[in-house]
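Side-chain atoms are counted along with the backbone in the values below, which use heavy atoms only and exclude waters and symmetry mates.
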Amino acid sequence: MSNYVILSKLTDEGRKTIRQKPERMLEVNREIEGMGVKVKQQFAVLGPYDFVNIVEAPDNDTIMRMSVELGARGSVELLTMPAMAVEEFIRKVK
């Protein structure tokens, strides 16, 4: 399994949804787990993005399908980056 960092920004429609039903975020987490992506950590943040998500997935194709599915809904924009633990990075650099 690979790790990914997803920065997400709500659209106007997404903000309306979250304001009316904040627990919708947890429902989406369960939906993406059904797509093969496990949410490991999730943070609400201030700044140009609204959330930082640390997720785990078997491959880039799985993340791509999840990203297309969520983006097609029109409630969120995503920036997804593959990530690796620093210890793994050091091993690979050596």
Side-chain angles (χ1 to χ4, degrees):
M1 294 290 254
S2 298
N3 292 302
Y4 298 85
V5 175
I6 302 175
L7 304 177
S8 57
K9 185 185 317 183
L10 295 170
T11 64
D12 289 342
E13 193 62 36
R15 282 187 285 280
K16 288 177 190 173
T17 299
I18 293 299
R19 185 168 188 213
Q20 293 170 354
K21 189 178 178 187
E23 63 276 3
R24 176 68 182 133
M25 291 173 27
L26 300 177
E27 293 171 6
V28 171
N29 289 352
R30 286 189 293 275
E31 290 172 16
I32 67 170
E33 287 191 6
M35 298 177 206
V37 178
K38 180 179 185 214
V39 178
K40 294 173 73 176
Q41 290 188 296
Q42 189 170 45
F43 302 95
V45 297
L46 300 175
Y49 291 93
D50 298 308
F51 301 97
V52 175
N53 304 282
I54 311 300
V55 302
E56 189 176 69
D59 52 40
N60 288 342
D61 291 345
T62 303
I63 288 293
M64 178 208 46
R65 284 190 298 275
M66 181 226 46
S67 183
V68 168
E69 171 65 30
L70 292 184
R73 297 176 183 185
S75 58
V76 68
E77 296 174 2
L78 305 173
L79 172 65
T80 304
M81 300 173 284
M84 71 173 62
V86 171
E87 295 81 11
E88 182 181 355
F89 175 80
I90 291 169
R91 273 195 322 274
K92 290 183 179 210
V93 169
K94 283 186 173 183

Heavy-atom check, side chain of L78 versus side chain of V76, under 4.5 Å
yes
When you compare the side chain of Y4 with that of V37, does any pair of heavy atoms fall below 4.5 Å?
no
Applying the 4.5 Å side-chain criterion to the ILVMFWY set and letting contacts propagate, would [X] and [Y] be lumped into a single cluster?
X: L79; Y: V5; result: yes
X: M81; Y: M1; result: no
X: I54; Y: F51; result: no
X: M35; Y: V55; result: yes

Nearest-0.5 Å distance that lies between atom [atom1] in [X] and atom [atom2] in [Y]:
X: T17; Y: M25; atom1: OG1; atom2: CE; value: 12.0 Å
X: Q42; Y: S8; atom1: CD; atom2: OG; value: 7.0 Å
X: N60; Y: S2; atom1: CG; atom2: OG; value: 7.0 Å

How far apart are the closest heavy atoms of L7 and V52, and which atoms are they?
CD2-CG2, 3.7 Å
For a quick test of reading the model, state the closest non-hydrogen atom pair linking G36 to P58 and the distance between them.
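Shortest heavy-atom separation between G36 and P58 comes out as O-CD, 3.4 Å.
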Checking the side chain of [X] only, and the main-chain atoms of [Y] only, is there a donor and an acceptor separated by less than 3.5 Å?
X: T11; Y: S75; value: yes
X: D50; Y: L10; value: yes
X: Y49; Y: A44; value: no

Determine whether the side chains of N53 and K40 contain a donor N or O and an acceptor N or O closer than 3.5 Å.
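No donor-acceptor contact under 3.5 Å links the two side chains.
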Do the side chains of [X] and [Y] get close enough for a salt bridge, i.e. N-O under 4.0 angstrom?
X: E31; Y: R24; result: yes
X: R73; Y: E69; result: yes
X: E88; Y: K92; result: yes

Among M66, R65, M64, exactly one meets side-chain contact (heavy atoms from CB on, under 4.5 Å) together with T62. Which residue is that?
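Considering M66, R65, M64, a side-chain contact (heavy atoms from CB on, under 4.5 Å) with T62 is found only for R65.
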